[in-house]
Protein chains: 2
Amino acid sequence: MATGRTHRPATRSRGIPEATVARLPLYLRALTALSERSVPTVSSEELATAAGVNSAKLRKDFSYLGSYGTRGVGYDVEYLVYQISRELGLTQDWPVVIVGIGNLGAALANYGGFASRGFRVAALIDADPAQTGKLVAGLPVRHTDELEEIVDHNQVSIGVIATPAGAAQEVCDRLVAAGVTSILNFAPTVLSVPDGVDVRKVDLSIELQILAFHEQRKAGEDLGEAVAAARGALPKTAAEAVDRPGPDGDVPAVMPA
Amino acid sequence: MATGRTHRPATRSRGIPEATVARLPLYLRALTALSERSVPTVSSEELATAAGVNSAKLRKDFSYLGSYGTRGVGYDVEYLVYQISRELGLTQDWPVVIVGIGNLGAALANYGGFASRGFRVAALIDADPAQTGKLVAGLPVRHTDELEEIVDHNQVSIGVIATPAGAAQEVCDRLVAAGVTSILNFAPTVLSVPDGVDVRKVDLSIELQILAFHEQRKAGEDLGEAVAAARGALPKTAAEAVDRPGPDGDVPAVMPA
DNA sequence: ATGTCTTTGTGAACGCGTGCACAAAGATGG
DNA sequence: CCATCTTTGTGCACGCGTTCACAAAGACAT
């Protein structure tokens, strides 16, 4: 997981808990994979392991959406895909702008997972005039000067910030002023936005730091209680967790092949 | 924020709650910025707003680390930077391998926030022979065949997976078998790992879907209760939240400039 | 040395999220 | 039509995380 979560206090939106909303995309991904394999129905148990969660949790999550299952059988895959998509708002078109076309911005532009979920990259924007006009993922890079016009013209309500930290707040302000009300921020800064604007944050460095913390703890434990596990051998109980959720039909993030 | 959180049930490591650990990097970033501006001390209130959290929460978080503040004054910036760094394990060297050098992998390799936090990119690995030897961020891309040797030789315990979803589980298995015990996964798949291995997940598409959900809700609300806010105008109460946390001294994610 | 003022550290209450365990619902077979 | 078996939907209890509110602690001035 990443970091994010700069929402309004806890306005559980229309009764659906925030934690549930965060898991819906997970279920949707697993269901899409099943759908592509033409599996008609799935039990909460199967789907839960495929999504990497507890089956009781999954059932409770679905219960917030309504009673879409059949006792003794399970859930209809296609129907559930539709219901979750609709709940998440993926049945409509979401034009998105990406600001800051460096490696990360380019990775995002090329990311296949967007288009398949109703997200359409309306424009790529960068402050560097040398970049202007260059094609990235088939789209021409536009200059920051055009930001307001692009947002307004394409009715963009979701903006992605992949600029350096120093530029993030200004870009954010301009996006918001132009009409954007949801922002996905990859820059390592705390953005301040007016009320009513949602910000989610993804911070690569923070994720690594959290891993380092646990890693350090593990190392300390090993030293203190048992012999440091010989490197090269499988750690601790390598048994269990042998079940593999089937491969995911989703388009990868990036990379040649 | 991103998604992640595939930890062991809830093993609050040595009394420090998981939620607190996740915020420590946030505090550290804010403190580093203050340190660069040579600010000697900071109150919980100031630091909290800079990090974008509640001041009571911040004080409680710090109380888990010990009593590092001075009543009536605040916290010593330098001292706190050191304590948090030590707690997170950032005072030691963490060699990291990045597997999958596409746009995203390259973005990660170029990401400055790593080096400044004790993370050292030990190697870049890709399955495409055509990529082998190419320089990315000053490092030569190595072939997947060398994975085990690289991990073993460099004593790598943290691996970053930025491959397509289809390749992620195999890469994961090989990393774990070679001795990696912490994995940061960018591929849109649920990885299964043996006990004792930590996995954190960052899923770009999921973040956008969560934003879309709230966006849809906002749109529905506007339609239902009030006049749809005229696009182009600042939404709702544009007042408040005018305080700006100072610019962050951190090195940006990517992008030319 | 004493009083005042600031800011920390934390006890306690509250709310959300999780997981158990089971009753209700429906499918399926005879 | 009845019995059995599977699987959902949920009431309930528990634990973590958040927030309030305040007492204790120290700085600082007089």
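Note on naming: letters A, B, ... go to the chains in the order of the sequence lines (proteins, then strands), and numbering restarts at 1 for each one.
Here A:Tyr111 and A:Phe114 bring their ring centres to under 6.0 angstrom of each other. Residues B:Tyr68 and B:Phe62 place their aromatic rings such that the two centres sit no closer than 6.0 Å.
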Scoring nucleotides 5-13 of chain D by protein non-hydrogen atoms under 4.0 Å (B base, S sugar-phosphate only, - none) yields -BBBBBBB-

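With sequence neighbours excluded, no residue forms a side chain to side chain donor-acceptor pair (under 3.5 Å) with B:Ser85.
Distance NZ (A:Lys57) to P (C:dA21): 17 Å, rounded to an integer number of Å. A:Glu18 has its CD atom 14 Å from the P atom of D:dT18, to the nearest Å. The distance from atom CZ of A:Arg23 to atom P of C:dG17 is 9 Å, rounded to the nearest whole Å. The interatomic distance linking B:Asp61 (CG) with C:dT10 (P) rounds to 13 Å, in whole Å.
The end-to-end axis angle of the helix from C:dA1-D:dT30 to C:dG30-D:dC1, rounded to 10 degrees and based on five pairs per end, is 10°.
For the residue pair A:Tyr79 / A:Gln83, a side-chain donor-acceptor distance below 3.5 Å is found, with atom types taken as modelled. In this model, a donor atom of one side chain and an acceptor atom of the other lie less than 3.5 Å apart for B:Asp61 and B:Thr20. A donor-acceptor contact closer than 3.5 angstrom links the side chains of B:Thr181 and A:Glu215.
Counting only heavy atoms from C-beta outward, the side chains of B:Asp76 and B:Val42 never approach each other to under 4.5 Å. The shortest distance between side-chain heavy atoms of A:Thr49 and B:Val190 does not fall below 4.5 Å.
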